[in-house]
Amino acid sequence: MPTTIRAAVLERSGAVSRVEELTLDEPRAGEIRVRMLASGVCHSDLHVRDGEWDRPGPVVMGHEGAGVVEALGDGVDPAATGLEVGRLVALAWTVPCGRCRSCRGGRTWECPDSPSYTHRMADGSSRLHRPDGQDVLSYCAIGTMAEAQVVSAVAAVPMPDGTPPEVAALIGCCVATGVGAVTKTVPLEAGSSLAVIGLGGVGLSAVMGAALAGASRIVVVDRNPAKLDLARGLGATDTVLAGSDAAITLAAIRDATGGGPDVCVEAIGLPATIELAIACVPAGGTALLVGMTPYGVRASFEVFPFVDGARRIVGSNYGSAMPAVDFPHYAALHLDGRLPVNRLVTARIGLDGVELAFERMRRGEGVRSVVIF
Ligand SMILES: NC(=O)c1ccc[n+]([C@@H]2O[C@H](COP(=O)([O-])OP(=O)(O)OC[C@H]3O[C@@H](n4cnc5c(N)ncnc54)[C@H](O)[C@@H]3O)[C@@H](O)[C@H]2O)c1
Ligand SMILES: [Zn+2]
Ligand SMILES: [Zn+2]
């Protein structure tokens, strides 16, 4: 029997999101139904909402969520997968195709054939419909801003007992992205120095990851002073309030790190701050690009000192996450008191609060707004 649920739906990229009642089909073979408990609002949702990334619609938004397993489709073996009814799961936004070179090599974050890019189930169909029968897509094939969802079993990762649902939700995007960038994509060596530009959920997770990795200096940069204070509590050693003059910010980052950080994470997605990240690293340093720009945006750098100083630019997608291994690991670190993910939650909202959360995010206020179901 199909279920009736409420969800935040975007008619198309650039439209205002609306809460709608939809019908949700039963899970088919290899799928599960998840009763959602928490869904964070990430800037990647805002890129779609503001029309910076073109996506098909209508689509249920959200890709940073957690909930409990409610029903299993044919062939999903709870003993083999850990997906027993009632188990808390975090959802991963790159559903692996399982066949491509990247998936076969264990690098699912690179998968070019992931159903997540079609926002449909692996067989191309959709489990969500409007009352008139129109199909509704599911963002990244998990669409977490919904009271319940049907997802591929391979997108759901069982989480350790006692993990708070909102923590599990954030592990599904910003934590995996930020912690993974500095511990997996470019593993920081203990004693090295790091700068992080942009202190949203992603940037602050990179700060927490760097603290875990034993970085000697963690310099944080944001235009909002409240973010700098929050970062200090998570392990930042130096703070730089970004103003309108990039040269002043650049000098402050260099000052705090004796000439420039070994690694500079850009976690916003603006050409100016991407260029700043590339400019601030010393010879041998790495600009680690995590922030996503609107499509078509370019950034530039002066080539001679870049090559002469053997510098590197590295792009990091999903913090090089292997969700089945990394998500429970991040949860265990949280339960151990070593990854205070809960401090990223600055607002708890209902589905009808998503547009206001976007408005706060555009202004750079707060860190994560989390929809609690
Ligand atoms: N690579 C990946 O896999 C991946 C995954 C998730 C998110 N992202 C991207 O990462 C970026 C950050 O996401 P988020 O959810 O943390 O965003 P966010 O909006 O919560 O945080 C951005 C931060 O940047 C600050 N900021 C904005 N403009 C600034 C400027 N000019 N100078 C200094 N600070 C400035 C804001 O005050 C805010 O604190 C987005 O582009 C998002 O799409 C990438
Ligand atoms: Zn995200
Ligand atoms: Zn693949």
Side-chain angles (χ1 to χ4, degrees), residues 39-50 52-53 61-65 91-117 122 139-140 142 144 154 169-178 180-181 185 196-207 220-228 230-231 240-246 249 253 265-277 288-294 297 314-321 344 346 357-358 360-369:
S39 173
V41 178
C42 172
H43 205 116
S44 299
D45 299 307
L46 184 57
H47 286 304
V48 180
R49 159 64 183 82
D50 284 348
E52 293 175 352
W53 298 350
M61 309 185 71
H63 63 279
E64 187 178 80
L91 301 182
W93 53 253
T94 48
V95 180
C97 81
R99 294 178 305 275
C100 74
R101 196 180 153 84
S102 297
C103 285
R104 281 186 285 121
R107 300 180 309 279
T108 53
W109 61 89
E110 294 170 1
C111 173
D113 302 323
S114 168
S116 300
Y117 294 116
Y139 189 61
C140 289
I142 58 173
T144 55
V154 291
L170 267 50
I171 286 173
C173 185
C174 66
V175 171
T177 299
T185 313
V196 180
I197 306 173
L199 303 173
V202 173
L204 288 170
S205 293
V207 171
V220 291
V221 183
D222 203 286
R223 59 180 181 180
N224 176 347
K227 300 292 184 76
L228 302 178
L230 193 53
V240 177
L241 184 63
S244 52
D245 189 340
T249 310
I253 298 172
V265 175
E266 201 279 353
I268 307 170
L270 295 172
T273 44
I274 290 166
E275 289 170 2
L276 175 64
L288 181 51
L289 306 187
V290 182
M292 302 278 212
T293 66
V297 165
V314 176
S316 178
N317 195 34
Y318 215 168
S320 307
L344 305 184
T346 50
F358 284 145
R360 279 196 294 275
M361 186 172 260
R362 287 188 196 97
R363 291 197 299 263
E365 281 173 27
V367 186
R368 276 301 193 255
S369 300

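Since this is a predicted model, take the numbers as computed values, not measurements. Order of listing sets the numbers, starting from 1, for every ligand and every atom in it.
- Taking OG of Ser205 as the reference point, atom CG of Leu199 lies at 10.5 Å (rounded to 0.5 Å).
- Contact annotation for Arg223 and ligand 1: heavy atoms of both the backbone and the side chain come within less than 4.0 Å of the ligand.
- Between the CG atom of Leu276 and the OG1 atom of Thr249 there is a distance of 6.5 Å, given to the nearest 0.5 Å.
- Contacts of Cys173 with ligand 1, taken as heavy-atom pairs under 4.0 Å, involve the side chain alone.
- The line from OH of Tyr318 to SG of Cys111 is 13.0 Å long, rounded to the nearest 0.5 Å.
- Where the criterion is an N or O separation shorter than 3.5 Å, residue side chain and backbone included, Val202 meets it with respect to ligand 1.
- No more than 12 heavy atoms of other residues, nucleotides or ligands shown are found within 6.0 angstrom of CZ on Arg99.
- Here Ile197 has no heavy atoms under 4.0 Å from ligand 1, in either its backbone or its side chain.
- Ligand 1 has no nitrogen or oxygen under 3.5 angstrom from a nitrogen or oxygen of Thr273.
- The Arg368 neighbourhood of ligand 1 comprises atoms 14 (P), 15 (O), with distances under 4.0 Å to a heavy atom of that residue.
- To the nearest 0.5 Å, the span separating NE2 on His63 from CG on Asp45 amounts to 5.0 Å.
- Put simply, His43 stays out of reach of the Zn ion (ligand 2), with no N, O or S atom under 2.8 Å from it.
- Heavy-atom neighbours of Arg362 CZ from other residues, nucleotides or ligands within 6.0 Å: above the threshold of 12.
- Under 4.0 angstrom from ligand 1, the non-hydrogen atoms of Asn317 come from both its backbone and its side chain.
- Using 4.0 Å as the threshold, Cys174 has no heavy atom nearer than that to any atom of ligand 1.
- Those atoms of ligand 1 with a heavy atom of Gly364 less than 4.0 angstrom away are 37 (O).
- At least one N/O-N/O distance between Val290 and ligand 1 falls below 3.5 Å.
- In terms of N/O distances under 3.5 Å, ligand 1 is approached by Met292.
- Among the atoms of Cys42, an N, O or S atom is found under 2.8 Å from the Zn ion (ligand 2).
- Heavy atoms of Ser44 found under 4.0 angstrom from ligand 1 belong to the backbone as well as the side chain.
- Using modelled atom types and a 3.5 Å distance limit, the side chains of Ser116 and Thr94 yield no donor-acceptor pair.
- Cys42 SG to His47 NE2: the interatomic distance, rounded to the nearest 0.5 Å, is 7.5 Å.
- At least one N/O-N/O distance between Ser316 and ligand 1 falls below 3.5 Å.
- Remark: ligand 1 and His47 share an N or O pair separated by less than 3.5 Å (distance only, no angle test).
- Note: no N/O pair closer than 3.5 Å links Gly269 and ligand 1 by distance alone.
- Rounded to the nearest 0.5 Å, atoms OG1 (Thr273) and CG (Asp222) are 10.0 Å apart.
- Rounding to 10°, one obtains 110° for the angle at the Zn ion (ligand 3) between SG (Cys103) and SG (Cys100).
- Ligand-side atoms of ligand 1 in range of Gly200: 16 (O), 18 (P), 20 (O), 21 (O), 23 (C), 39 (O), range being under 4.0 angstrom from any heavy atom.
- Residue Arg362 places no heavy atom under 4.0 Å from ligand 1.
- Looking from atom 25 (C) of ligand 1 to the surrounding protein, the closest heavy atom is Asp222 OD2, 3.2 Å.
- With the Zn ion (ligand 2) as the vertex, SG of Cys173 and NE2 of His63 span 120° to the nearest 10°.
- Of the protein's non-hydrogen atoms, the one nearest atom 3 (O) of ligand 1 is Tyr318 N, 2.7 Å.
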